Amino acid sequence: MLSIPIALDALNFLSADVRNLFGPFINVFLVTSQHWTQTDVGLVSTLSGLLGIALQTPIGAAIDLTRAKRAVIVATMAAMTLAAIIIFAAPTFWPIALATSILSLAGDAFAPAVAALTLGLVTKHALAGRLGRNSAFDHGGNIAIALVAGGVGTLFSQRVVFLLVPVFAALTSAAVLMIPPKAIDHDRARDLGKDGAEGRGPTGYGVLFRTRPLMIFAVSALFFHFANAPLLPLVGQKLALQYPKEATAMLSFCMVAAQGVMLPIALLVGWRADRWGRRPIFLIAFAVLPIRAALYTLSDNAFWLLGVQLLDGVGAGIYQALTPLLIADIMRGTGRYNLAQGAVATTQGVGASISALAAGEVMDHFGYSASFLFLAAAAALAFFVFFALMPETRDEQAMALAREEAVAAGAPGE
C-alpha cells in the first residue's frame with residue numbers, strides 16, 4: 001500500500017500519461033496516417049469541444065454532490081480507455097466523433113475530481129504545497145509520456161501509441177484506489193467547511209454570480225485563454241513554413257521544454273503561495289503572456305521563436321498550479337468548490353474556442369505579426385482586469401488557525 005502523499009503523486013503522474021496520449025496525437029494520426037482533411041479534424045474537434053464546454057459546469061456541480069470521488073476518477077480512466085480502443089480499432093469519422101466526445105466528458109470530470117479529492121485529504125495549511133506538487137507531477141508525467149509515445153510511435157506506428165492508454169489508465173486507477181475512503185473529508189472536498197457537519201447545507205447555485213472575486217477571475221481567465229490558446233499553433237505554423245522537415249521535432253521540443261519549465265514553477269508556487277499571497281504570483285503569469293506574444297513579432301529565427309515559447313512554461317505553470325487554490329479561497333464555506341471550478345473552466349473553454357477563429361482571421365488579412373499583437377492586446381486586457389479588480393484571496397486568519405490546529409493535532413498536513 002502507498003501512503004496518501006505518494007498515491008496522490010502517482011495519480012497525477014500516471015493520469016498525465018493517459019491524458020497526454022490524446023490531443024495532438026489524435027490530430028497527427030488522423031491527418032498523416034488516415035489521410036483525413038483538416039476540415040474533418042476541425043469538425044470533430046469543434047463538436048466535442050462544444051459538448052465539453054456545455055457540460056463542464058453541471059459536471060462540477062455533480063462532483064460536489066457525490067461522495068464517490070475515487071469512483072469518478074476510475075470511471076474517467078475507463079472512459080479514456082474505451083475512447084483509445086475506438087480510435088485504434090475504427091479510425092473513421094463517426095467512431096472518432098464518439099471517442100472524442102467521450103474524452104471531452106471524461107476530461108470535464110477528471111480535473112475537478114482530482115482537485116476535490118486533494119482538498120478532502122489535505123489540511124488547509126498544506127493545501128498550497130500539495131496542489132503545487134500535484135501540478136509538478138502532472139508536468140513530469142507529460143514529459144515522460146511524450147518521450148515514451150515518441151519512441152513507441154517510431155518503433156511501431158502512430159496507431160500503436162493509443163494502446164498505451166489502457167496500461168496507464170489501469171495504473172492510475174490502482175493509485176487512486178490506494179487512498180482509503182475514510183481518509184477523505186467530503187465536506188472539505190467541496191469547501192463546505194466545519195459548519196457542513198453541523199447541518200448547514202451548501203450555498204445556492206446563485207453564489208457563482210454573487211461572488212465578485214470569482215466573476216473577476218472568470219473574466220480574466222477568459223481573456224487569458226483567448227490570448228494563450230492560438231500562440232503555439234501559430235508558432236508551429238511559422239516553423240513549418242520555414243522548416244517543413246523539422247517542424248514536428250521543433251514543435252515537440254516546444255511542448256516538452258515548456259513542461260520542463262512548468263515543473264519547478266509549480267513546486268515554487270506551492271512553496272511560496274501562502275507566504276507571498278495568490279495575487280502577486282498570479283500577476284506574474286498574467287504579465288508574462290502579453291510579453292511573450294509581443295516578442296514573437298521581433299524575429300522569425302527558429303531559435304528565437306523556440307526560446308520565447310519557453311515563457312509559456314512560466315505563465316501556464318503558475319496558472320495551472322494556482323487556479324485550484326485561488327478558487328478554494330474564494331469559495332471557502334460555500335460547498336460549491338467544484339461547481340465554481342466548472343464555471344471557470346467553461347469561461348476558459350469559451351475563450352480558447354473563439355480565439356482560434358479570431359486569430360486566424362487577423363492572420364489571413366494582416367499576417368502573423370498582426371495576429372501576435374492582437375493576442376498580446378487581449379493578454380494585456382486580462383492583466384489589467386486582474387490587476388485593477390482582483391483582491392488578495394488568502395485568508396490570513398484562517399491560515400493561522402489551520403496551522404495552529406495542525407500543530408495541536410500533530411498532523412503532518414497530508
Side-chain angles (χ1 to χ4, degrees), residues 16 20-28 31-32 38 135-136 138-151 153-154 158 161 224-269 284-321 352 355-356 359-360 362-363 366-380 383:
N20 206 43
L21 282 167
F22 298 108
F25 286 96
I26 295 177
N27 293 347
V28 171
V31 171
T32 60
Q38 289 287 355
S135 187
D138 179 82
H139 297 313
N142 285 331
I143 295 170
I145 199 58
L147 298 175
V148 171
T154 301
Q158 292 180 26
V161 166
F224 183 93
H225 283 77
F226 180 95
N228 189 57
L231 287 179
L232 181 57
L234 287 173
V235 172
Q237 290 172 26
K238 291 194 76 171
L239 292 172
L241 290 173
Q242 297 179 67
Y243 310 97
K245 292 183 179 179
E246 296 85 7
T248 301
M250 288 181 175
L251 199 57
S252 297
F253 170 81
C254 283
M255 297 170 67
V256 172
Q259 292 290 333
V261 174
M262 290 177 194
L263 197 156
I265 288 291
L267 291 173
L268 178 63
V269 168
I284 296 172
F286 279 103
V288 164
L289 185 56
I291 294 170
R292 172 178 152 229
L295 287 175
Y296 285 130
T297 66
L298 299 183
S299 175
D300 290 338
N301 179 274
F303 290 104
W304 175 261
L305 295 174
L306 293 171
V308 172
Q309 178 58 27
L310 293 180
L311 290 175
D312 183 37
V314 178
I318 292 173
Y319 189 96
Q320 182 177 329
S355 65
V362 174
M363 193 272 292
F366 303 104
Y368 281 101
S369 291
S371 186
F372 285 129
L373 290 175
F374 168 69
L375 295 171
F383 172 83

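Since the structure is predicted, the reported quantities are computational estimates derived from the model, not experimental observations. The first residue in the sequence is number 1, and the count goes up from there.
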task: Could you check if a side-chain atom of Leu295 sits within less than 4.5 angstrom of a side-chain atom of Leu311, using non-hydrogen atoms only?
output: yes

statement: Sorted by chain and residue number, the ring pair (Phe, Tyr, Trp, His ring centres under 6.0 Å) partners of Phe374 (sequence neighbours excluded) come out as Phe226

field: Taking every non-hydrogen atom, the tightest pair across Ile145 and Ala16
entry: CG2-O, 4.2 Å

message: Is the shortest side-chain heavy-atom distance between His139 and Asn142 below 4.5 Å?
response: yes

message: Let me confirm one number: the OH-CD1 distance from Tyr296 to Ile291, rounded to the nearest 0.5 Å.
response: 12.5 Å

field: Where Leu263 and Ala136 come nearest, the two heavy atoms and their spacing
entry: CG-O, 3.5 Å

query: How far apart are the closest heavy atoms of Ala229 and Ala352, and which atoms are they?
result: CB-CB, 3.7 Å

statement: Heavy-atom nearest pair, Ala376 first then Pro290, reads O-CB, 3.6 Å

Side chain proximity check, Met262 to Asp138, heavy atoms < 4.5 angstrom: no

- line: All heavy atoms of Ser369 vs all of Thr297, minimum pair found to be O-CG2, 3.6 Å

- prompt: Taking only residues two or more places apart in sequence, or in another chain, which ones meet Leu147 in a side chain to side chain contact (heavy atoms under 4.5 Å, CB included)?
  reply: Ile143

task: Could you list the residues that satisfy side-chain hydrogen bond (donor to acceptor under 3.5 Å, both in side chains) with Tyr319, not counting sequence neighbours?
output: Gln348

task: Answer yes or no: is there a donor N or O on one side and an acceptor on the other, between the side chain of Ser355 and the main chain of Ala227, under 3.5 Å?
output: no

- request: Output the distance between atom CG (Leu234) and atom CZ (Phe372), rounded to the nearest 0.5 Å.
  value: 5.0 Å

message: Would you say that Leu231 contacts Asp312 through its side chain, given a criterion of any heavy-atom pair below 4.5 Å between the two side chains?
response: no

- prompt: Which atom names give the shortest non-hydrogen contact between Ile265 and Gly313, and what distance separates them?
  reply: CG1-O, 4.2 Å

- request: Flag the pair Leu298 / Val308 as yes when at least one side-chain heavy-atom distance between them is below 4.5 Å, and no otherwise.
  value: no

